[in-house]
Amino acid sequence: MITPEQYSEELYKEDEALLNVKRTLAEAGIQDVSVAAGYGRLLTMLVRMSGAKSVLEIGALGGYSGICLARGFAGEEGRVVSLEISDVNAGLARRNMEAAGFGGVAEYMIGEALDSIEVLEQRGDRFDLFFIDADKGNYLNYLEKAIALANPGAIIVGDNTLLRGRTLNLDKNGPSVQIMRQFNEQIASDPRLLSTFLPAYDGLALAIVK
């Protein structure tokens, strides 16, 4: 029997721009930990439904999620500020965004994400949607920064909230697992947020800033 995720993916045709991201990651010898295809489609829908014009992506990798986010603008004016610690990854993401027709949409800031966020704070930047998919040890910090930089009604999305099942396994208590559990609990209980938790793929947390 196939899984629900496998069934859902079989409903959709292969996406050449996103397949190209996966090819370029493999060619570069970079582990492909891009957002799941189903959640990539959800990112596009969230940008479109919310009318977001300014998106902060924490973790670019090869540009998979960046393409999904940019597609949500549907030809309207919008920008994706993408924070990436690796200049190699950022360069690959930039090329893949250009190949997908979104070369003028993304701004890349290379270095530690919290340092880049400090620059954004100093610039007075505000965002309508946040996608968190970077080092798990800073997820709580990223959540607080997202709330601080949020326009009213902004959406916050956190990926990999199940950590390939480790979040659910009480025998697993490493630092990243403990922080992810705290992140999930914070998303669920923070009075500043309206939220839900999607358990498919590797888990996704969704919140709206009140």
Carefully, step by step, assess Val177 and Met180 under the rule side chain to side chain contact (heavy atoms under 4.5 Å, CB included). CA-CA 5 Å; Val177 175; Met180 188 59 74; 5.8 Å; no
Checking Arg95 against Thr24 for the side chain to side chain contact (heavy atoms under 4.5 Å, CB included) test, could you report, in this order, the C-alpha distance in whole Å, the side-chain angles of both residues, the deciding distance, and whether it holds? CA-CA 10 Å; Arg95 292 191 295 275; Thr24 59; over 6 Å; no
For Glu107 and Arg123: C-alpha separation, side-chain torsions, deciding distance, then whether salt bridge (Lys or Arg N to Asp or Glu O under 4.0 Å) applies. CA-CA 14 Å; Glu107 171 190 351; Arg123 288 186 349 194; 3.2 Å; yes
Starting from the C-alpha separation in whole Å, work towards a yes-or-no answer on side chain to side chain contact (heavy atoms under 4.5 Å, CB included) for Asp125 and Arg79. CA-CA 12 Å; Asp125 283 25; Arg79 66 169 183 145; 3.4 Å; yes
Given Ser195 and Leu206, is the side chain to side chain contact (heavy atoms under 4.5 Å, CB included) satisfied, shown in steps? CA-CA 5 Å; Ser195 69; Leu206 282 175; over 6 Å; no
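A donor-acceptor contact shorter than 3.5 Å is absent between the side chain of Glu57 and the backbone of Phe130. Side chain of Tyr139 to backbone of Asp159: a donor-acceptor contact under 3.5 angstrom is found. Judged by distance alone, the side chain of Ser82 and the main-chain N or O of Tyr108 form no donor-acceptor pair under 3.5 Å. A donor-acceptor pair under 3.5 Å is formed between the side chain of Thr167 and the backbone N or O of Leu162. With Glu144 contributing its side chain and Asn141 its backbone, the two residues share no donor-acceptor pair below 3.5 Å. Formation of a donor-acceptor pair under 3.5 Å by the Thr161 side chain with backbone atoms of Leu204 is found in this model. Between the side chain of Glu84 and the main chain of Ser86, a donor-acceptor pair closer than 3.5 Å is present. With hydrogens and angles ignored, the 3.5 Å screen pairs no side-chain donor or acceptor of Asp133 with any backbone N or O of Gly59.
Considering Leu83, Ile58, Leu56 as possible partners of Ser116, the one that fulfils the side-chain contact (heavy atoms from CB on, under 4.5 Å) test is Leu83.
Contact detail for Phe127 and Ser54: the closest heavy-atom pair is CD2-OG, 3.1 Å. Nearest heavy-atom pair, Val105 versus Gly78, reported as atom, atom and distance to 0.1 Å: CG1-O, 3.9 Å. When every heavy atom of Ala93 is checked against every heavy atom of Gly63, the shortest pair comes out as CB-N, 3.6 Å. When all heavy atoms are compared, the tightest approach of Asn96 to Val21 is ND2-CA, 3.8 Å. Considering every non-hydrogen atom in both Arg41 and Ser8, the closest pair reads NH2-O, 4.4 Å. Shown here for Ser50 and Ile155, the closest heavy-atom pair between the two residues is CB-CD1, 3.7 Å.
Side-chain heavy atoms closer than 4.5 Å link hydrophobic residues (I, L, V, M, F, W, Y) into clusters, and following such links, even through other members, never connects Val209 to Leu46. Placement of Val35 and Leu69 within a single hydrophobic cluster is found when ILVMFWY residues are connected by side-chain heavy-atom separations under 4.5 Å, directly or transitively. Residues Tyr201 and Ile187 are members of separate hydrophobic clusters, defined by side-chain heavy-atom contacts under 4.5 angstrom among Ile, Leu, Val, Met, Phe, Trp and Tyr. Follow the hydrophobic side-chain contacts under 4.5 Å out from Leu163 and you never reach Val157; the two are in separate clusters.
In this structure the side chain of Val55 never reaches within 4.5 angstrom of the side chain of Asp128, judged on heavy atoms. Using a 4.5 Å cut-off on side-chain heavy atoms (C-beta onward), Ile179 and Lys136 make no contact. In this structure, the side chains of Ile67 and Thr44 stay at 4.5 Å or more apart for every pair of heavy atoms. Contact of the Leu42 side chain with the Leu198 side chain is registered, since non-hydrogen atoms from C-beta on lie closer than 4.5 Å. Between Leu193 and Ile208, every side-chain heavy-atom pair lies at or beyond the 4.5 Å cut-off. Two residues are said to be in side-chain contact when any heavy atoms from C-beta on lie closer than 4.5 Å; Leu92 and Met97 fail this criterion. Within the 4.5 Å cutoff, side-chain heavy atoms of Glu5 are placed close to those of Thr3. At a threshold of 4.5 Å between non-hydrogen side-chain atoms, the residues Ile2 and Glu10 count as touching.
With a 6.0 Å cutoff to the six-membered ring centre and a 45° limit on the axis angle, Arg71 does not count as a cation-pi contact of Phe102.
Ion pair Glu27/Lys22 not flagged as a salt bridge, since none of the NZ, NE, NH1 or NH2 atoms sits closer than 4.0 Å to an Asp/Glu carboxylate oxygen. Between Lys145 and Glu118, no side-chain nitrogen of the basic residue sits less than 4.0 Å from a carboxylate oxygen of the acidic one, so the salt-bridge criterion is not met.
A donor-acceptor contact closer than 3.5 angstrom links the side chains of Asn173 and Arg181. Under the 3.5 Å distance criterion, with hydrogens and angles disregarded, a donor-acceptor pair is assigned to the side chains of Tyr142 and Asp135. Residues Tyr39 and Ser34 bring no donor and acceptor atom of their side chains to less than 3.5 Å of each other.
In Lys172, the NZ atom is not crowded: 12 or fewer heavy atoms of neighbouring residues, nucleotides or ligands sit closer than 6.0 Å. By the neighbour-count criterion of 12 heavy atoms within 6.0 Å, atom CD of Glu14 is sparsely surrounded, having that number or fewer from other residues, nucleotides or ligands. In Glu77, the CD atom is not crowded: 12 or fewer heavy atoms of neighbouring residues, nucleotides or ligands sit closer than 6.0 Å. For Arg164, the CZ atom counts as loosely surrounded, since its 6.0 Å shell holds 12 or fewer non-hydrogen atoms of other residues, nucleotides or ligands.
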